[in-house]
Amino acid sequence: MLQRLQNISFLDVALWALGAIIIFVVIWGTVATIIENPYPVHTWVETVVAGIAQGSLYALIAIGYTLVYGVLFMINFAHGEFFMSGVITATIFVAQPMQATGFLDAHPIISMLLIVIVSISVSVGVALLTERVAYRLLRKAPRLVPLITAIGASFFWQYFFRGLYGSKVKPFPQFEVLTGKAAIFGIPILKSHILVIIAAVLMLIGLYIFIMKTKVGKSIRAVAENKDVAALMGINVDKAVSITFAMGSAMAGIAGVLFAVVFRQVHFFMGFIPGIKAFTAAVLGGIGSVPGAALGGFILGMVESIGPGLFLEGLNIPAPHQLKDVIAFTLLVLVLIFRPQGILGERLSEEKA
Amino acid sequence: MKKKLFVILSLLMLSVLALAACGGSKFECEDEIGCVTYGPDEPIRIASALVISGPNTDLGTDSQYGVEIAIAFQETLLGHKIELQAEDDGCSAEGGQTAGQKIVSDPTIIAIVGTSCSGAGVPMSNVVSEAGYVMVSPSNTAPSLTDPEQAWNPGYLRTAHNDKVQGKAMAEFALNELGVTTAAAIHDGDPYTEGLARVFADEFEALGGTIVEFTAVNKGDTDMRPVLAAVAAAGPPEFLYYPVFTAEGAFITKQAKEVAGLEDTILAAADGMISSAAAEAIGDAGEGMYFSGPDLSYSGGLYEDFLAKYVEDYGAEPISVFHAHAFDGTNMIFDCIEKVAVQDGDTIHIGRQDLRTCLYNITDFEGITGTLTCDQYGDCADPKISVSQLIDGVYEAIWP
């Protein structure tokens, strides 16, 4: 016990004190808000549902970060661009022409399927190309090298698609069937939010089953455990890595379509901020852990959505919603102080950390 | 040390000798800041720093076309060709800083037309002023930029209206024309959006209305529902004014109708969202919403020539609102260069302080946007504000 106490450094104490202060401010703000009670119940419900929907998108994107980190121990900063590339292509070549010809309103389900297929194909294509050209050759290089390459790849794809499609904000058509609200347990919820939440949960469950129950999933887990031993056991490491990239970017492709359904506009720069947020979500949940990324995404979306109203409104801070990113990143700092491996992360061995 | 001094002295001697040998060059620059000299075949160089990338491209490109047309109409200035170096202000503080640094590192540039966005104008005017250059902005409208207590720097002027005028016009329109009594305003932290939203809110209250919520979002935010729900909970207001840029503005427009309590709220935005790209991004959701902006119902022969040239060169009607302001700003610069330049054979010398003084003293300059007179802090506009309504994807001027 004494031994442990001696190992605690001044920095640890300072960080804990910082954490304690932040938690105190949050509790104070929350209590003050509850006493002041500025919002009616339906506002809270609306905010929470928006948070869950935003969180589902973060979760789907965060999966891509965590999967790649799991097998390659690199942060793939180009992942936000995989998310953007699919949906922006699908919007221009599928969604907008179909809306112009009226096909979209006549056959919404077929249209949606086409949009999803195109989006996934482009996202996966871009991801596999990036992996083959930019990452594979660097697999034995020091870990900083692929990280910087990933940032370069991110810029490359952003400006590649800007050159291809122009820099304007492009509207994504509204689906007639997804317009308006539906009552669930008597609570009116936007139909697009319902679609996003259900789709995200199904995808996450499907992915978990794929990784835990199938042979391919097993090979991915083996490569994540130890690439050399996996190769000795007859597993094709390159193939497993490619499949991992394909899985992650397919999730991103679908997340892109869901994003477009909710927000109805796309842009070449749209992947950047969701990419950073999803990375935060992945670290929050414990990078390398699939359930962790999903949980981190949902928590981040919720905190961003209700945080400003709940924590800051009571402290009478003007324009609290401008500070939602501050709240999101403060949460990350808190988690890293008290639980450096993330909420569901395992303590990493020396080799992985 | 002594050796260095000796070298410098001998170099000085040499140059004096060389000058004396030439014998022709009698010009001595007496300008407080310094002079720019253009030799016989050298073009006069001006720079533009407008937003020509990202979602607000139309805003800056449109102004740049205005500058290019001014150059084309001018053809030559004191026998010299005019060359434009186009930079990008990125519509951000960082972009303005970078463009400013790049321009002032080039001593052959005499003046700058820019920036498009007030957010870029604040840091850029610092850089430009420090270096002794002069800038004329066609579309910065934030009140702080010409307020010496806040962000004004010597050498900064603008042909765009001050948002004190625009905010007031919108408040009057909302109260008197639409007859609303409660309003809310949202900005995104940019000096332009915050300044305009603040002026609107102050004027609206001064005229007897009630501001139920004054709040902000971030640039780059996509999910506006939490902030809109907060606005709805505070009022809900009859009128919502969000003078932000295209991407965020389109998100607010689309999501506002889906937030309980805001279904019947009248939506309004400002000149940052008047462009064909913005109309396309907003789509059906913005049908019937209002926009404040400079009155574009120009008339006169000069404007007809300008418009014909614009359509001929760029194949379309003007794509945004500040083309004429850029045209006028560029012509003001040409006018002053003509006045202050010292001709020395085919060589001309332009004093930077002389150019500044001339611009600040401009009175009754006849431009497309009206009769321009600059005050001591660089507000040159002849401000006319109108309100337009988005009908079938087209901005129709409806007031005054």
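Throughout, protein chains are lettered first and strands after them, A, B, ... in sequence-line order, and every chain is numbered starting at 1.
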| NZ/NE/NH1/NH2 to OD/OE distance under 4.0 Å, A/K191 and B/E258 | no
For [X] and [Y], which heavy atoms make the closest approach, and how far apart are they?
{"X": "B/A233", "Y": "A/T43", "value": "CB-OG1, 3.9 Å"}
{"X": "B/T215", "Y": "A/A319", "value": "OG1-CA, 3.5 Å"}
{"X": "A/P171", "Y": "B/A281", "value": "CB-O, 4.1 Å"}

Other residues, nucleotides, ligands: >12 heavy atoms within 6.0 Å of [X] [atom1]:
{"X": "B/D284", "atom1": "CG", "result": "no"}
{"X": "A/F155", "atom1": "CZ", "result": "no"}
{"X": "A/K181", "atom1": "NZ", "result": "yes"}

| Side-chain donor or acceptor of B/K254 paired with backbone N/O of A/R264 under 3.5 Å |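 Checking the backbone N and O of A/R264 against the side chain of B/K254, a donor-acceptor pair under 3.5 Å is found.
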So which part of [X] gets closer than 4.5 Å to some heavy atom of chain B, the side chain, the backbone, both or neither?
{"X": "A/V48", "result": "neither"}
{"X": "A/F272", "result": "neither"}
{"X": "A/F269", "result": "neither"}

Pairs of heavy atoms under 4.5 Å with chain B: top-ranked of [options]:
{"options": "A/Q174, A/E313, A/H193", "result": "A/H193"}
{"options": "A/T47, A/L190, A/V49", "result": "A/L190"}
{"options": "A/Q265, A/H267, A/K168, A/Q54", "result": "A/Q265"}

Among the listed options [options], the residue most often paired with chain A at heavy-atom distances under 4.5 Å:
{"options": "B/L228, B/T57, B/N218", "answer": "B/N218"}
{"options": "B/A277, B/A230, B/G283", "answer": "B/A230"}
{"options": "B/D221, B/I186, B/I282", "answer": "B/D221"}
{"options": "B/A234, B/A260, B/G220, B/A229", "answer": "B/A260"}

| query | Would B/S53 and A/R162 count as a side-chain contact (heavy atoms from CB on, under 4.5 Å) if you check the C-alpha gap in whole Å, the side-chain angles of each, and the deciding distance to 0.1 Å? | reply | CA-CA 9 Å; B/S53 70; A/R162 188 200 135 177; 3.6 Å; yes
Less than 4.5 Å to any heavy atom of chain A: does that hold for the side chain of [X], its backbone, both, or neither?
{"X": "B/D58", "result": "side chain"}
{"X": "B/A232", "result": "neither"}
{"X": "B/T222", "result": "both"}
{"X": "B/V217", "result": "backbone"}

| field | side-chain contact (heavy atoms from CB on, under 4.5 Å) partner of B/P226, the single match among A/K324, A/H321, A/E304 | value |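 It is A/H321, the one option of A/K324, A/H321, A/E304 that forms the side-chain contact (heavy atoms from CB on, under 4.5 Å) with B/P226.
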| Is any side-chain heavy atom of B/Q255 less than 4.5 Å from a side-chain heavy atom of A/F263? |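 With C-beta onward as the side chain, the pair touches.
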